[in-house]
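So the structure is just underneath, and the comments pick up after that.
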Amino acid sequence: QVHLVESGGGLVQAGDSLRLSCAASGRTFENYIIGWFRQPLGKEREFVAGLRWSGAAIQYADFVKGRFTIFGDIYNNLVNLQMNNLKPEDTAAYYCAATDGLIIPDSPGRYHYWGQGTQVTVSS
């Protein structure tokens with residue numbers, strides 16, 4: 001069992017930066033794939049970025065490439081999402097999720113564990 005908790009969301013202006021963190025308890029991240037997803041109000045949940053500790057694989061959704069960076073802190077059991085140059089369309093609830101395997105999946109249904117989410121609101 002893995003328990004995930006997100007933090008770091010908030011209200012910012014367009015062009016600002018935020019760092020989201022996903023903390024795990026119960027198990028360490030090193031055997032899992034950690035994905036960040038977001039869900040705008042009234043829309044479906046979508047993949048943002050994923051990291052696999054084993055082999056250090058990383059994957060991004062096209063709409064965040066060059067602006068968001070996912071990176072891990074193995075000593076503190078955290079997976080962070082650094083978000084730069086935020087846009088109003090980045091406004092959403094952001095979730096981290098965990099699964100196992102070799103390929104980083106971009107489908108929410110492939111993840112077994114989820115955090116409660118953290119809200120990011122970007123004003124124009």
Side-chain angles (χ1 to χ4, degrees):
Q1 187 73 17
V2 177
H3 182 60
L4 305 173
V5 178
E6 303 93 338
S7 62
L11 172 63
V12 297
Q13 293 184 333
D16 285 351
S17 298
L18 275 177
R19 179 176 294 183
L20 306 183
S21 293
C22 177
S25 61
R27 296 285 180 88
T28 59
F29 277 139
E30 59 190 11
N31 296 319
Y32 288 90
I33 292 169
I34 303 300
W36 278 99
F37 289 79
R38 69 185 188 185
Q39 187 166 16
L41 189 64
K43 297 185 178 180
E44 293 186 352
R45 195 166 296 189
E46 60 184 358
F47 177 80
V48 174
L51 178 150
R52 188 190 75 214
W53 290 106
S54 174
I58 290 177
Q59 182 173 322
Y60 294 100
D62 287 342
F63 56 79
V64 301
K65 286 181 179 177
R67 298 192 298 126
F68 293 9
T69 303
I70 186 171
F71 61 99
D73 177 356
I74 191 68
Y75 299 105
N76 294 301
N77 222 25
L78 296 173
V79 174
N80 300 308
L81 184 68
Q82 177 67 38
M83 306 187 295
N84 297 329
N85 190 22
L86 283 162
K87 304 176 182 180
E89 52 263 43
D90 294 319
T91 295
Y94 282 72
Y95 301 87
C96 68
T99 188
D100 53 16
L102 297 177
I103 305 298
I104 299 173
D106 60 7
S107 170
R110 297 287 305 277
Y111 288 78
H112 308 306
Y113 305 101
W114 289 85
Q116 84 290 347
T118 186
Q119 179 67 33
V120 172
T121 303
V122 184
S123 63
S124 58

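Each residue takes its place number in the sequence, starting with 1.
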Return the set of residues passing side-chain contact (heavy atoms from CB on, under 4.5 Å) with [X] (not counting sequence neighbours), or none when no residue passes.
{"X": "Glu44", "result": "none"}
{"X": "Ser123", "result": "Gln13"}
{"X": "Ile74", "result": "Glu30, Trp53"}
{"X": "Leu11", "result": "Thr121"}

Could you pull out all residues at least two apart from Lys65 that satisfy salt bridge (charged side-chain N to carboxylate O under 4.0 Å, His left out)?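 Scan of Lys65 (salt bridge (charged side-chain N to carboxylate O under 4.0 Å, His left out), adjacent residues dropped) gives Asp62.
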Listed by chain and number, what are the salt bridge (charged side-chain N to carboxylate O under 4.0 Å, His left out) partners of Glu46, not counting sequence neighbours?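 Salt bridge (charged side-chain N to carboxylate O under 4.0 Å, His left out) list for Glu46, sorted by chain: Arg38.
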Salt bridge (Lys or Arg N to Asp or Glu O under 4.0 Å) contacts in which one or both residues fall within residues 100-118, not counting sequence neighbours: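 Applying salt bridge (Lys or Arg N to Asp or Glu O under 4.0 Å) to every pair that reaches into residues 100-118, excluding sequence neighbours, yields nothing.
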Among pairs that include at least one residue of residues 67-89, which meet salt bridge (Lys or Arg N to Asp or Glu O under 4.0 Å), considering only residues two or more places apart or in two chains?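 Of all non-adjacent pairs touching residues 67-89, those that pass salt bridge (Lys or Arg N to Asp or Glu O under 4.0 Å) are Arg67-Asp90.
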Other ILVMFWY residues reachable from Leu102 by side-chain steps of under 4.5 Å: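 Result for Leu102 is none, singleton.
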Checking one residue: Tyr111. Which other hydrophobic residues are in its cluster under the side-chain 4.5 Å linking rule?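 Besides Tyr111, the hydrophobic cluster comprises Ile33, Phe37, Phe47, Tyr95, Ile104, Trp114, listed by chain and residue number.
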same_hphob_cluster(Phe63, Val12) at 4.5 Å side-chain heavy-atom cutoff: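 Yes, one cluster joins them.
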What heavy-atom pair brings [X] and [Y] nearest, and what distance separates the two atoms?
{"X": "Ala14", "Y": "Ser124", "result": "CB-CA, 4.4 Å"}
{"X": "Ala24", "Y": "Val2", "result": "CB-CG1, 4.4 Å"}
{"X": "Pro105", "Y": "Thr99", "result": "CG-CG2, 4.0 Å"}
{"X": "Val48", "Y": "Phe68", "result": "CG1-CD2, 3.7 Å"}
{"X": "Leu4", "Y": "Ala98", "result": "CD1-N, 3.7 Å"}
{"X": "Gln82", "Y": "Phe71", "result": "CB-CE2, 4.0 Å"}

Assess the residue pair Leu20 and Glu6 against the criterion (side-chain contact (heavy atoms from CB on, under 4.5 Å)); give the C-alpha distance rounded to whole Å, side-chain angles, the decisive distance to 0.1 Å, and a yes or no. CA-CA 7 Å; Leu20 306 183; Glu6 303 93 338; over 6 Å; no
Working for side-chain contact (heavy atoms from CB on, under 4.5 Å), residues Thr91 and Gln119: CA-CA 8 Å; Thr91 295; Gln119 179 67 33; 4.0 Å; yes
Atom CG of Asn77 and atom CD1 of Ile34: how far apart are they, to the nearest 0.5 Å?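 If I round to the nearest 0.5 Å, the distance is 8.5 Å.
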How long is the span from the CG atom in Asn80 to the OG atom in Ser7, to the nearest 0.5 Å?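 Reported value, rounded in 0.5 Å steps: 8.0 Å.
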Trp36 and side chain to side chain contact (heavy atoms under 4.5 Å, CB included): which partner among Leu51, Ile70, Val64?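 Running side chain to side chain contact (heavy atoms under 4.5 Å, CB included) over Leu51, Ile70, Val64 with Trp36 returns exactly one hit, Ile70.
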Can you pull the disulfide (SG to SG under 2.5 Å) pairs that have at least one residue in residues 39-83, sequence neighbours excluded?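 Checked against disulfide (SG to SG under 2.5 Å) - neighbours excluded - no pair reaches residues 39-83.
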Sorted by first residue and then second, give each disulfide (SG to SG under 2.5 Å) pair with at least one member in residues 21-117; sequence neighbours left out.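 Passing the test, one end in residues 21-117: Cys22-Cys96.
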